[in-house]
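Working notes for the structure below.
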Amino acid sequence: MAFELPKLKYDYDALEPHIDARTMEIHHSKHHNGYTTKLNAAIEGTDLDEKSIEDILINLDMSNSAVRNNGGGFYNHSLFWEAMNPEDRGYLSGELKDAVEAEFGSKDAFIEAFSKAATTQFGSGWAWLCVHKGGKVEVCSTPNQDNPLMPGVSCGGAPILGLDVWEHAYYLNYQNRRPDYIAAFFKVINWNEIERRYAEAK
Ligand code: MN
């Protein structure tokens, strides 16, 4: 059963001026599509063929670089698109707000910690907000297309918010100014979806 590139729930230009339309188009139709195609090629005819992407990543043989890179790329971007929304975004509230404040002290301190993880991830990778069983949250980062579901990754729990800090995610609009892109991401986060994921994973 082949994986399919998920359709976006909004237009490529819907997140402007924070994320520009050209970046969105290339990122989704070229990069994410590429990971999807290569993942399908890597699992075709193997025993991974019938599994969910979560199953594949949780039980991943990390030496299988084709599935590690492209399975991670497929999953991470699918989560990334849903973490943003042009409208009806809600705001950090409810149980997730309580968990964030318990861990970081305040929303601002959480934003600072997440932004630092995203800024200091050397080269390509992702920053994450994860939730552990019981509801405790954690901020961390991973290189390349690794993610917290993979075994042995120094990042725990289920990812509920991820930020792509590969240059392909921001270079057209922000060039070398990764911190500006990170700040812009916080203007388009779909908190309703992050809270839904928190409630499901905790
Ligand atoms: Mn990307």
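Note that this is a predicted model, so its numbers are computed, not measured.
- Within a 6.0 Å radius of CD in Glu112, other residues, nucleotides and ligands contribute 12 heavy atoms or fewer.
- If you take CD1 on Ile189 and CG on Leu129, they are separated by 9.0 Å, rounding to the nearest 0.5 Å.
- Of the possible polar contacts, none joining the Arg68 side chain to the Met150 backbone as a donor-acceptor pair under 3.5 Å is found.
- Separating the NZ atom in Lys51 from the CD1 atom in Ile58 is a distance of 11.0 Å, to the nearest 0.5 Å.
- The distance from the CZ atom of Arg89 to the CD atom of Glu193 is 14.0 Å, given to the nearest 0.5 Å.
- Distance check: Ile53 CD1 to Ile43 CD1 gives 7.0 Å after rounding to the nearest 0.5 Å.
- Residues Ala201 and Val131 share a closest heavy-atom pair of CB-CG1, 3.4 Å.
- His31 and Trp166 form no side-chain donor-acceptor contact under 3.5 Å, judged by distance and modelled atom types alone.
- Shortest non-hydrogen contact noted between Trp128 and Cys155 is CD1-SG, 4.1 Å.
- Note: Phe3 and Phe74 have tilted aromatic rings, judged against thresholds of 30 and 60 degrees for the angle between ring planes.
- Panel note: side chain Gln121, backbone Ala127; no donor-acceptor pair is recorded below 3.5 Å.
- Counting all heavy atoms, side chain and backbone alike, Arg22 lies closest to Leu172 at CG-CD1, 3.7 Å.
- No side-chain donor-acceptor contact under 3.5 Å links Asn40 to the backbone of Ala2.
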Practice item. Kindly determine whether Phe114 and Leu161 satisfy side-chain contact (heavy atoms from CB on, under 4.5 Å), including the steps that lead there. Key: CA-CA 10 Å; Phe114 187 95; Leu161 173 67; 4.1 Å; yes
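- Between Ala117 and Val139, the shortest heavy-atom contact is CB-CG1, 3.8 Å.
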Review point. Do Glu200 and Arg197 pass the salt bridge (Lys or Arg N to Asp or Glu O under 4.0 Å) test, and can you show the C-alpha distance, the side-chain angles, and the key distance before you say yes or no?
Key: CA-CA 5 Å; Glu200 190 177 270; Arg197 294 185 67 94; 5.9 Å; no
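- A donor-acceptor distance shorter than 3.5 angstrom exists from the side chain of Asn192 to the backbone of Asp88, with no hydrogens or angles considered.
- Taking NE2 of His18 as the reference point, atom CG of Asp180 lies at 13.0 Å (rounded to 0.5 Å).
- No continuous path of hydrophobic side-chain contacts links Met24 to Ile26 [ILVMFWY only; heavy atoms under 4.5 Å].
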Review point. Taking it one step at a time, do Ile194 and Asn190 satisfy side-chain contact (heavy atoms from CB on, under 4.5 Å)?
Key: CA-CA 7 Å; Ile194 312 311; Asn190 182 2; 5.5 Å; no
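- Interatomic distance, Ile111 CD1 to Leu92 CG, rounded to the nearest 0.5 Å: 8.0 Å.
- A distance-only check finds no donor-acceptor pair linking the side chain of Arg177 to the backbone of Tyr170 [under 3.5 Å].
- Ring pair Tyr35/His168 is tilted by interplanar angle, where 30° to 60° counts as tilted.
- Nearest heavy-atom pair across Cys130 and Pro148 is SG-CG, 3.5 Å.
- Between the side chain of Glu138 and the main chain of Gly156, a donor-acceptor pair closer than 3.5 Å is present.
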Review point. Please walk me through it: do Trp126 and Gln145 pass side-chain contact (heavy atoms from CB on, under 4.5 Å)?
Key: CA-CA 7 Å; Trp126 291 75; Gln145 295 296 352; 2.8 Å; yes
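- Of the candidates Asp146, Thr142, Asn147, Asn144, Asn147 is the only one forming a side-chain hydrogen bond (donor to acceptor under 3.5 Å, both in side chains) with Asn76.
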**Study point:** Derivation and outcome, side-chain contact (heavy atoms from CB on, under 4.5 Å), residues Glu95 and Glu195
**Key:** CA-CA 8 Å; Glu95 285 189 317; Glu195 285 193 48; over 6 Å; no
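- One N or O on the side chain of His28 and one on the backbone of Pro6 form a donor-acceptor pair closer than 3.5 Å.
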Exercise for review: Give the intermediate values and the outcome of salt bridge (Lys or Arg N to Asp or Glu O under 4.0 Å) for residues Glu82 and Lys9.
Suggested key: CA-CA 8 Å; Glu82 292 196 349; Lys9 293 172 180 164; 3.6 Å; yes
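- By the neighbour-count criterion of 12 heavy atoms within 6.0 Å, atom CZ of Phe186 is densely surrounded, having more than that number from other residues, nucleotides or ligands.
- The shortest heavy-atom contact between Tyr198 and Ala99 is OH-CB, 3.3 Å.
- At least one side-chain heavy atom of His27 sits under 4.5 Å from a side-chain heavy atom of Trp81.
- In this structure, the side chain of Tyr181 does not engage the main chain of Glu167 through any donor-acceptor pair within 3.5 Å.
- Placement of Ile182 and Tyr171 in two distinct hydrophobic clusters is found when ILVMFWY residues are connected by side-chain heavy-atom separations under 4.5 Å, directly or transitively.
- A single hydrophobic cluster is not seen to contain both Leu5 and Leu39; linkage of ILVMFWY side chains at heavy-atom distances under 4.5 Å, directly or through other members, places them apart.
- Panel note: side chain Asp20, backbone Thr23; a donor-acceptor pair is recorded below 3.5 Å.
- Using cut-offs of 30° and 60° on the angle between ring planes, the pair Phe104 and Phe110 is tilted.
- Two different hydrophobic clusters hold Leu96 and Tyr91 under the rule that ILVMFWY side chains link at heavy-atom gaps under 4.5 Å.
- Counting heavy atoms from C-beta outward, Tyr10 and Met84 have side chains that approach closer than 4.5 Å.
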